Amino acid sequence: MTAENQILASLSPAVLQRLEPHLVHVNLEQGLVLHRPGEPLVYVYFPINCLISITLTMQDGSTAEVGMVGNREVLGINAILGGSATTQTEYVVQVAGRAMKIDARIVRQEFERHGELHDVMLRYTQAFLAQVTQTAACNSLHTLEQRLPHWLLETQERVHSNHLALTQEFIATMLGVRRAGVTQAAQKLQERKLIQYRRGNVQILNQAGLEASACECFKRIKAEYDRLLGNDT
């Protein structure tokens, strides 16, 4: 089960033997909030086939996604690296599925051995920062018609499925735009037979075409993850 998360799969049997007794299999429903701003980070999550969004809410109530975590990643890195184990962000399940959950203190103890887990977590942190940085630039410089296919590809990459249970309202919230804009952009992709959208379900029909429609951000982020964490494909 642990091998279905790339971070856990990269660890040696000796390290996994210390972690596995504390890993708990959980099923996470779409929309479930795992962490709210200011709350202590008690658990670390290793997604298997679910996807978790890291979102930031402004004073006026508007919300946007600033990062996403799937089976190449780990959620709750703040609790491991030291400092205050709280964040100003919220963690919400974007795509329902399975994950492994563990007490953050256990992971911190293993991290402080300065061995394998220490090294992979530092490399992952660098990869995640690349994702956040690229996303910030993408949100400022690219059109919604480019950002939507990029976002769908990022989602697909992390859940390994062409079928995504996502409403247009949820996508709009994650992208920080109006639902009408997502409806228009999705319709254009559907007319070109790149995706099919029906009642809260998106199906990717043409991977290559969707990549051609997206901005360069998807390929840049993927290349950085592959460089730092290895290519699992």
Side-chain angles (χ1 to χ4, degrees), residues 6-7 35 37 47 51-78 81 83 87-95 120-159 164 166 168-186 188-189 192 194-195 202 204 206-233:
Q6 188 175 336
I7 298 293
H35 173 264
L51 188 65
I52 302 163
S53 289
I54 300 175
T55 64
L56 188 66
T57 301
M58 300 299 180
Q59 284 186 336
D60 64 0
S62 58
T63 300
E65 183 182 71
V66 296
M68 59 172 63
V69 175
N71 64 8
R72 299 192 75 179
E73 295 144 325
V74 55
L75 183 74
I77 192 73
N78 307 61
L81 297 180
T87 75
Q88 61 179 334
T89 52
E90 184 170 276
Y91 302 161
V92 58
V93 179
Q94 179 189 124
V95 175
V120 74
M121 286 298 184
L122 291 183
R123 282 188 280 113
Y124 164 67
T125 301
Q126 188 176 346
F128 183 73
L129 286 174
Q131 180 200 151
V132 172
T133 302
Q134 193 74 36
T135 298
C138 182
N139 291 347
S140 299
L141 301 174
H142 295 147
T143 66
L144 180 56
E145 286 72 21
Q146 295 171 307
R147 292 172 56 208
L148 177 58
H150 162 214
W151 188 85
L152 292 173
L153 289 164
E154 291 282 5
T155 301
Q156 178 204 43
E157 170 83 4
R158 286 165 172 80
V159 299
L164 310 174
L166 299 164
Q168 290 188 1
E169 183 176 0
F170 192 83
I171 295 172
T173 299
M174 294 301 100
L175 293 177
V177 299
R178 295 176 59 217
R179 180 179 174 180
V182 170
T183 300
Q184 269 190 337
K188 290 179 182 178
L189 295 176
R192 294 168 57 197
L194 302 181
I195 67 168
V202 178
I204 295 176
N206 186 332
Q207 171 85 22
L210 201 61
E211 289 187 18
S213 298
C215 51
E216 72 267 26
C217 298
F218 170 69
K219 290 183 178 179
R220 285 194 175 189
I221 293 171
K222 186 177 187 305
E224 193 67 357
Y225 269 71
D226 290 347
R227 181 180 74 83
L228 291 163
L229 299 173
N231 190 336
D232 64 341
T233 58

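Numbers here simply count residues along the sequence, with the first being 1. Note that the structure is a prediction, hence the values are computed from the model and not measured.
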Gap separating the CG atom of L175 from the CD atom of Q168, nearest 0.5 angstrom: 11.5 Å

Distance, nearest 0.5 Å, that separates CD1 of I54 from OG1 of T89: 6.0 Å

Least distance between heavy atoms, S213 atom then L194 atom: OG-CD1, 3.4 Å

Residue pair G209 / N206: nearest heavy atoms and the distance that separates them: N-OD1, 2.7 Å

Between E65 and S53: side-chain donor-acceptor atoms closer than 3.5 Å: yes

I77: which of T125, T87, V69 passes side-chain contact (heavy atoms from CB on, under 4.5 Å): T125

Gap separating the NE2 atom of H150 from the CG atom of N139, nearest 0.5 angstrom: 9.0 Å

Salt-bridge contact E154-K222 (side-chain N to carboxylate O under 4.0 Å): no

Donor-acceptor pair between T57 and E90 side chains, under 3.5 angstrom: no

Audit row: Q126, R227, side chain to side chain contact (heavy atoms under 4.5 Å, CB included) steps and yes/no: CA-CA 11 Å; Q126 188 176 346; R227 181 180 74 83; 3.5 Å; yes

Straight-line distance of Q134 CD to L141 CG, nearest 0.5 Å: 9.5 Å

Exam field: side chain S62 to backbone M58, donor-acceptor pair closer than 3.5 Å: no

Neighbour count >12 (heavy atoms, 6.0 Å) for atom CZ, R123: yes

Contact check, side chains of Q146 and E216, non-hydrogen atoms, under 4.5 Å: no

Stepwise side chain to side chain contact (heavy atoms under 4.5 Å, CB included) test for V159 and N71: CA-CA 7 Å; V159 299; N71 64 8; over 6 Å; no

Shortest non-hydrogen separation from G176 to A64 and the atoms involved: CA-CB, 4.1 Å

Polar contact flag, side-chain donor to acceptor under 3.5 angstrom, Y225-E157: no

Heavy-atom check, side chain of V93 versus side chain of L51, under 4.5 Å: no

For V202 against L166, the heavy-atom pair lying closest together: CG2-O, 4.2 Å

Any donor-acceptor pair under 3.5 Å from Q156 side chain to I204 backbone: no

Working for side chain to side chain contact (heavy atoms under 4.5 Å, CB included), residues V177 and I171: CA-CA 9 Å; V177 299; I171 295 172; over 6 Å; no

Of E73, R72, R158, the residue whose pairing with Q6 passes side chain to side chain donor-acceptor pair (under 3.5 Å): R72

Closest non-hydrogen atom pair between M121 and I7, with its separation: CE-CG2, 4.4 Å

Side chain to side chain contact (heavy atoms under 4.5 Å, CB included) between V92 and T55, intermediate numbers included: CA-CA 8 Å; V92 58; T55 64; 4.1 Å; yes

Qualifying residues under side-chain contact (heavy atoms from CB on, under 4.5 Å), relative to E211, sequence neighbours excluded: L153, Q207, F218, K219

Closest approach of P149 to L189 (non-hydrogen atoms, all atoms of both residues): CD-CD1, 4.2 Å

Donor-acceptor under 3.5 Å (Y124 side chain, V74 main chain): yes

OG1-NE2 distance between T135 and H142, expressed to the nearest 0.5 angstrom: 11.5 Å

